[in-house]
Undergrad: 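My questions will all concern the structure given below.
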Amino acid sequence: MIELVNVNKDFEASNHEINHVLKNLNLKISDGDFITLIGSNGSGKSTLLNTIAGSFPVTSGKVLFDGEDVTNLKDYQRASLIGRVFQDPSTGTIGDISIEENLAIALKRGEKRTLRWALKKEYLATYKKYLAPLNLGLEDRLGDKISSLSGGQRQAVTLLMATLKKPKLLLLDEHTAALDPKTSKKILELTKSLIEDNHLTALMITHNMKDAIKYGNRLLMLSEGRIIADISGADKTKLTSDDLYKKFDEAEGVE
Ligand SMILES: Nc1ncnc2c1ncn2[C@@H]1O[C@H](COP(=O)(O)OP(=O)(O)OP(=O)(O)O)[C@@H](O)[C@H]1O
Ligand SMILES: [Mg+2]
């Protein structure tokens with residue numbers, strides 16, 4: 001389980017004004033949760049993910065992984081526990097090197113061995129096995145440079161890389177926002193099956209209300225750094241986009 005206890009995150013602007021982004025945030029993520037996270041631009045969604053990943057130090061509060069206090073661990077110290085996919089398909093993979101080399105790097109994560117073992121012939125079959133179900137033909141293009149792939153193909157490889165070592169938590173920050181609707185759906189379905197097949201715990205940011213309702217077992221709504229809705233199970237299944245828009249308006253004081 002992952003737990004945030006009274007987490008506050010402030011940023012100081014160049015004019016020394018303090019921006020209180022996360023406000024006394026408490027959150028328990030149970031093993032196996034697939035959470036969708038929605039909220040207006042600037043509500044603190046990415047900051048929340050960065051806080052969990054350790055990319056930003058918290059201003060106050062605690063972050064616990066299975067009861068262990070990781071608050072002061074930097075992101076690279078938590079990296080073996082966390083897989084991440086961002087909005088920009090050019091992040092997450094290395095464009096200049098091949099699909100195979102990228103997968104080898106993902107496989108090596110958290111291992112002390114050199115890269116060479118992950119590039120051995122025996123792993124070729126493994127990489128092909130992972131790539132084939134994507135139905136993108138990438139299993140026959142292992143030697144191709146990542147930069148020669150489309151954004152959707154690249155996000156698919158990134159997802160695979162982020163889940164290859166079965167992280168304790170998968171963090172997805174609008175990872176389909178740059179993709180066309182059809183590709184976006186494909187990547188979301190791939191996300192779902194990777195999470196289910198590997199029994200992963202995941203937190204996915206999206207601006208698409210329908211996707212937020214359709215995917216996962218739990219939905220969180222963030223408004224001005226506070227969780228204003230935490231809906232799971234049957235209540236989540238019953239939700240409509242209209243319900244969510246209404247909640248946004250209520251939170252933002254719109255009549
Ligand atoms: N590295 C940073 N330095 C300073 N301020 C930051 C930093 N990252 C985020 N902020 C501020 O924190 C607030 C929340 O930003 P955040 O990126 O978490 O929002 P978001 O909910 O992810 O929005 P969006 O939907 O636009 O991605 C914003 O006011 C932003 O300016
Ligand atoms: Mg964001």
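Small disclaimer: the values here were computed from a predicted structure and weren't measured. Both ligands and their constituent atoms are indexed starting at 1 by order of listing.
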Undergrad: Hey, could you give me each pair passing side chain to side chain donor-acceptor pair (under 3.5 Å) that has a residue in residues 49-60? Not counting sequence neighbours.
TA: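 Every side chain to side chain donor-acceptor pair (under 3.5 Å) pair that includes a residue of residues 49-60, provided the two are not neighbours, is N8-S60, N50-R84, S55-D75, S55-R84.
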Undergrad: Can you tell if the side chain of K192 reaches within under 4.5 Å of the side chain of K214, non-hydrogen atoms only?
TA: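 K192 vs K214: side chains apart.
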Undergrad: With a 4.0 angstrom cut-off on heavy atoms, strictly below it, pick out the residues next to ligand 1 and order them by chain and number.
TA: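 Contacts of ligand 1 under 4.0 Å: F11, N19, V21, S40, N41, G42, S43, G44, K45, S46, T47, F56, E174, H207.
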Undergrad: Does a side-chain heavy-atom distance below 4.5 Å link I52 with I29?
TA: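 Yes. Closest side-chain heavy atoms under 4.5 Å.
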Undergrad: For the Mg ion (ligand 2), what is the number of protein N, O or S atoms at a distance under 2.8 Å?
TA: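 There are 1 of them.
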Undergrad: Would you say E224 has more than 12 foreign heavy atoms packed within less than 6.0 Å of its CD?
TA: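 Incorrect, the count does not exceed 12.
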Undergrad: Give the minimum heavy-atom separation between T206 and I38, together with the two atoms involved.
TA: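 So the two residues come closest at O-CG2, 3.4 Å.
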Undergrad: Does a donor on one side chain sit under 3.5 Å from an acceptor on the other, for T71 and D69?
TA: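 Per modelled atom types, T71 and D69 side chains form a pair under 3.5 Å.
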Undergrad: Kindly check if the number of other-residue, nucleotide or ligand heavy atoms within 6.0 Å of NZ (K236) is above 12?
TA: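 Check passes, neighbour count above 12.
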Undergrad: What closest approach, in Å, do L131 and L142 show between heavy atoms, and which atom pair accounts for it?
TA: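 Reported closest heavy-atom pair: CD1-CD2, 3.5 Å.
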Undergrad: Which residues satisfy the ring pair (Phe, Tyr, Trp, His ring centres under 6.0 Å) test with Y215, sequence neighbours excluded?
TA: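 Per chain and number, Y215 pairs via ring pair (Phe, Tyr, Trp, His ring centres under 6.0 Å) with no residue.
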